[in-house]
Amino acid sequence: MDSSPEQEQPRKGKHRLPPKSVFLYFSFFLFIFFFCSSNHSFYSHPSLPSSTFATPFPLTLPIPLHVHHRIIFPDHLLLTLSHPEILPSHQLHCVYYTLLNASTNPLLLPLLSTDRYDEFRSIARCPLPGTNFSAVDLSWRGENDHRDFQVPMKATPHNWENLTYEAFLDNDTVVVFVKGLNLRPHRVSDASLFRCHFGVRNEAFWLTSKAVSAAQEVVRCALPQSIRNSPDKARGLSISVSHVRRREVAIPSVARIGGGEKTSTGKEKRFELCACTMVWNQAGSMREWVMYHAWLGVERWFIYDNNSDDGIDEVVRELEDKGYNISRVTWPWVKSQEAGFSHCVLRAKEECKWVGFFDVDEFFYFYKMQRNVLRSMVANFSSSNSVAEIRTGCHNFGPSGLTTHPKQGVAVGYTCRLRTPERHKSIVRPDLVDVSLLNVVHHFEVRKGFGSRNVPLSVAVINHYKYQVWDTFKAKFLRRVATYVVDWKEDVNIGSRDRAPGLGTQAIEPRDWRLRFCEVWDTRLKDFLLSKFCDPLTGLLPWESSSE
């Protein structure tokens with residue numbers, strides 16, 4: 001709990017300071033007071049009594065830190081912090097002020113999590129305030145000090161549904177990710193209706209440029225002429241987007257321009273084949289998915305972490321220690337999978353010739369299995385003058401009679417599937433994706449003059465372990481990350497293939513769930529893994545032994 005500073009009592013005695021000294025001390029006090037007031041206030045709540053928190057002197061934060069923005073999501077509140085270094089979450093608390101009685105001491109609750117966001121900032125997640133409390137501030141408590149120091153606050157909360165949230169430098173353009181434009185899904189929009197606004201001076205944006213493309217939540221703008229010759233000058237700038245029919249009022253923004261670093265040492269890409277995915281609480285499947293696809297030839301992974309709290313960062317570090325080239329990308333933006341994949345195309349373009357976009361419950365299977373076969377397949381298309389995307393069909397597997405998660409992994413445990421393949425997942429050339437970055441999760445729009453190639457089912461298929469045991473599937477049912485895919489809980493598009501057939505809109509386990517979606521027993525990948533990957537001494541698969 002917070003503590004109040006003790007009031008200093010006047011000392012009794014005969015010694016009194018001379019008038020000149022009193023004047024000097026008083027002047028110094030006024031100087032300190034106005035200096036602190038002219039900079040960021042330590043108390044962002046105007047009615048908060050000065051005794052609520054301990055005085056910030058001599059207590060100081062271990063790093064310079066401010067809360068720049070507060071963003072209200074449906075299930076939590078996100079704070080962006082001014083320093084990329086992460087403070088231990090147990091030293092930070094979320095502060096809630098009562099709306100009924102401003103003189104009441106605020107409520108302090110532990111953070112949900114902290115994380116590094118980008119090269120400029122870290123983030124903290126707080127529970128949503130209750131109905132009787134106002135928006136959240138942040139306080140810090142040192143290891144050996146039981147007083148609370150309130151982190152300076154700059155801004156009022158933003159609504160996630162109307163926000164410019166990310167930006168990425170791409171040569172002489174900047175790609176801006178924005179909620180609230182309400183553009184048509186799966187279609188390119190009229191770019192002439194949008195403007196980008198760069199930098200902030202005296203609370204106003206000071207450079208403007210026109211958009212060159214717009215689709216869904218992504219707007220691409222040319223860099224202003226004054227910084228086009230030196231694009232690095234744009235990195236770190238604030239940016240927002242406006243619609244010309246809305247009097248060019250910029251949408252509220254928390255975005256700062258990142259990216260633009262050249263990671264390739266020459267004209268050749270460093271990696272033939274990379275993989276990108278977005279996850280939420282799927283740490284338990286990560287080892288199996290990465291290790292298996294590394295054997296097939298994937299060289300580099302981009303893991304977009306969408307607010308996981310199951311220790312996925314530890315799993316990624318463990319895999320890195322084993323030599324797997326993985327980048328965990330903090331992506332706190334909910335219901336934005338398509339935008340995240342557009343962001344991944346930009347991030348991977350300098351390093352990768354091809355990038356596969358598929359989930360951690362999706363496993364490539366080749367009818368002629370051999371090491372690096374997936375990489376060899378895409379390499380055969382690298383010299384093509386027309387192919388920009390390779391599509392592979394999916395077989396959807398069901399619970400296969402199981403009621404608990406299979407210990408040896410999904411590819412060994414789930415062996416019964418639907419008969420007919422459904423949909424596909426794609427591997428794309430990131431340098432040949434359309435300038436709009438338009439995608440529908442399963443595939444991207446590619447540049448004019450280029451097309452896609454379908455992999456014959458006689459060559460390869462993706463085993464999609466879509467309908468797993470109920471406890472696992474229920475978590476997926478309750479939280480979907482795709483922007484334009486309806487949540488199962490919503491009573492619309494009941495017949496959509498994005499839904500579980502016959503499940504309805506309630507997360508209630510059907511009596512026959514373990515037997516559903518089972519038309520064909522298919523043990524081919526299971527048999528291969530047990531014969532190829534099992535340790536002859538222990539009988540364990542590599543992802544089993546690594547998790548012991």
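Under 3.5 Å, the side chains of His443 and His424 contain a donor-acceptor pair of N or O atoms. Counting only N and O atoms by type, the side chains of Thr523 and Asp527 include a donor and acceptor under 3.5 Å apart. Side-chain contact of Glu85 with Ser122: a donor-acceptor pair under 3.5 Å is absent, judged by distance alone. There is a side-chain donor-acceptor pair under 3.5 Å between Asn307 and Arg125. Using modelled atom types and a 3.5 Å distance limit, the side chains of Tyr117 and Glu166 yield a donor-acceptor pair. In summary, the side chains of Thr415 and Asp522 do not present any donor paired with an acceptor at a separation below 3.5 Å, with no hydrogens or angles considered.
A centroid separation of 6.0 Å or more is found between the aromatic rings of Tyr467 and Phe397. Residues His343 and Tyr304 bring their aromatic ring centres within 6.0 Å. In this structure, Phe271 has its ring center no closer than 6.0 Å to that of Trp354. For Trp295 and Phe528, the distance between ring centers is under 6.0 angstrom. Aromatic ring centroids of Trp289 and Trp543 lie 6.0 Å or more apart.
Checked by atom type and distance alone, the side chain of Ser400 never pairs as donor or acceptor with a backbone atom of Leu402 at under 3.5 Å.
Evaluation of the side-chain hydrogen bond (donor to acceptor under 3.5 Å, both in side chains) test over residues 503-516, restricted to residues two or more places apart or in two chains, returns Asp512-Arg516.
In this structure, the side-chain hydrogen bond (donor to acceptor under 3.5 Å, both in side chains) partners of Ser426, at least two apart in sequence or on a different chain, are Glu389. Qualifying side-chain hydrogen bond (donor to acceptor under 3.5 Å, both in side chains) partners for Thr392, counting only residues two or more places apart in sequence or in other chains: none.
Heavy atoms of other residues, nucleotides or ligands lying less than 6.0 angstrom from NZ of Lys489 number more than 12. With a 6.0 Å radius and a threshold of 12 heavy atoms from other residues, nucleotides or ligands, Arg524 has its CZ atom above the threshold.
Checking Lys353, Arg429, Glu272 one by one against Ser382, the side chain to side chain donor-acceptor pair (under 3.5 Å) holds for a single residue, Glu272.
Considering only heavy atoms from C-beta on, Phe358 stays 4.5 Å or farther from Thr277 through its side chain.
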